[in-house]
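As structure tokens, the structure follows; a few thoughts come after it.
Note: hydrogens, waters and symmetry copies are ignored here, and every other heavy atom, side chains too, is used. Everything numeric in this text was worked out from a predicted model, so none of it was measured.
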Amino acid sequence: MIVVVAAVYFVVAAGAAVVSGRNLDRHLQGPRLRAAWAEGLTAEARCISLRTEEVQSPEGGPVEYTHPTLEFRTDDGHTVSFEERQSRLTPARGDFVAVYYSAANPKDATTRAPSFGMRHAKALITGVGSFFALVTAVVIALVP
């Protein structure tokens with residue numbers, strides 16, 4: 001009976017780890033970033049404007065975020081403008097920054113450099129969560 005409880009626990013906990021990994025990946029815009037990094041295309045983008053937005057922090061105070069609008073030319077000569085919202089980058093108007101983009105969808109460019117954590121966030125969360133689910137299920141099954 002205890003083994004059945006441990007097995008059910010493992011299935012539910014591992015499923016929760018998979019869902020959590022997928023949701024975190026979507027929240028961090030992992031698919032968009034991986035697509036921009038996948039082809040290895042880079043360009044120099046110029047900051048053409050800055051937009052500041054003020055939001056309320058969880059503590060109730062105001063917090064300001066600055067989002068640069070960047071413009072770059074793709075390898076095939078098209079000019080692309082996009083607003084970077086996922087980076088803490090705050091260039092001055094006229095500054096140049098490196099961007100990563102995909103030829104299929106250059107408007108999804110990013111200034112965020114590829115990182116192991118962002119490339120593998122879903123797998124890491126799912127793997128760690130499943131490992132802890134397995135360890136806990138074994139403990140449940142073996143401890144009287």
Side-chain angles (χ1 to χ4, degrees), residues 3 5-143:
V3 173
V5 170
V8 168
Y9 170 82
F10 173 72
V11 169
V12 170
V18 169
V19 169
S20 295
R22 188 178 312 133
N23 287 340
L24 177 65
D25 190 50
R26 249 187 261 131
H27 177 72
L28 296 174
Q29 296 197 8
R32 180 185 71 86
L33 294 174
R34 282 191 298 279
W37 297 329
E39 295 178 40
L41 298 174
T42 61
E44 284 294 310
R46 187 172 60 88
C47 178
I48 57 173
S49 68
L50 297 166
R51 182 178 67 82
T52 302
E53 82 179 317
E54 189 173 293
V55 296
Q56 191 172 13
S57 73
E59 294 82 32
V63 178
E64 275 192 2
Y65 293 106
T66 301
H67 306 291
T69 298
L70 303 169
E71 184 176 85
F72 67 98
R73 188 174 301 275
T74 63
D75 283 347
D76 60 1
H78 291 90
T79 300
V80 177
S81 296
F82 72 100
E83 183 178 81
E84 178 63 274
R85 297 186 54 86
Q86 292 297 314
S87 176
R88 290 199 161 62
L89 174 77
T90 54
R93 193 161 192 231
D95 284 356
F96 286 88
V97 296
V99 295
Y100 302 86
Y101 70 97
S102 112
N105 201 357
K107 284 196 95 46
D108 280 344
T110 183
T111 59
R112 292 184 66 175
S115 69
F116 180 83
M118 279 305 301
R119 284 182 187 256
H120 305 288
K122 182 168 57 173
L124 287 169
I125 296 298
T126 301
V128 169
S130 296
F131 172 76
F132 283 116
L134 178 63
V135 169
T136 305
V138 168
V139 169
I140 289 171
L142 296 179
V143 174

Side chain to side chain contact (heavy atoms under 4.5 Å, CB included) assessment of Glu84 paired with Thr110: CA-CA 7 Å; Glu84 178 63 274; Thr110 183; 3.2 Å; yes
Rounded distance [0.5 Å steps], OG in Ser130 versus CD1 in Ile125: 11.0 Å
Contacts of Thr66 that satisfy side chain to side chain donor-acceptor pair (under 3.5 Å) - sequence neighbours left out: none
For Ala103, side chain to side chain contact (heavy atoms under 4.5 Å, CB included) partners two or more places apart: Glu39, Leu41
Sequence-distant partners of Arg112, salt bridge (Lys or Arg N to Asp or Glu O under 4.0 Å), two or more places apart: none
List the atom pairs, with distances to 0.1 Å, where a side-chain N or O of residues 5-21 and a protein N or O form a donor-acceptor pair under 3.5 Å, not counting sequence neighbours.
residue	atom	partner	partner atom	Å
Ser20	OG	Ala16	O	2.9

Residues that Arg32 engages under side chain to side chain donor-acceptor pair (under 3.5 Å), provided they are two or more places apart: Gln29
For Phe82 against Ala109, the heavy-atom pair lying closest together: CE1-O, 3.4 Å
Residues which pass side chain to side chain contact (heavy atoms under 4.5 Å, CB included) with Val138, listed by chain and number, not counting sequence neighbours: Leu134, Leu142
Qualifying salt bridge (charged side-chain N to carboxylate O under 4.0 Å, His left out) pairs with a residue from residues 46-55, counting only residues at least two apart or across chains: Arg51-Glu83, Glu53-Arg85
Euclidean distance, Leu89 CG relative to Thr111 OG1, rounded to 0.5 Å: 4.5 Å
Parallel, tilted or perpendicular: ring planes of Tyr65 versus His67, cut at 30 and 60 degrees: parallel
Acceptor/donor pairs from residues 90-101 side chains to any protein atom, 3.5 angstrom cut, sequence neighbours excluded:
residue	atom	partner	partner atom	Å
Arg93	NE	Ile48	O	2.6
Arg93	NH2	Ile48	O	3.0
Asp95	OD2	Ala92	N	3.0
Tyr101	OH	Asp75	N	3.0

Any residue meeting side chain to side chain donor-acceptor pair (under 3.5 Å) with Thr69, in chain and number order, not counting sequence neighbours: Ser49
Side chain to side chain donor-acceptor pair (under 3.5 Å) partners of Ser81, counting only residues at least two apart: Glu71
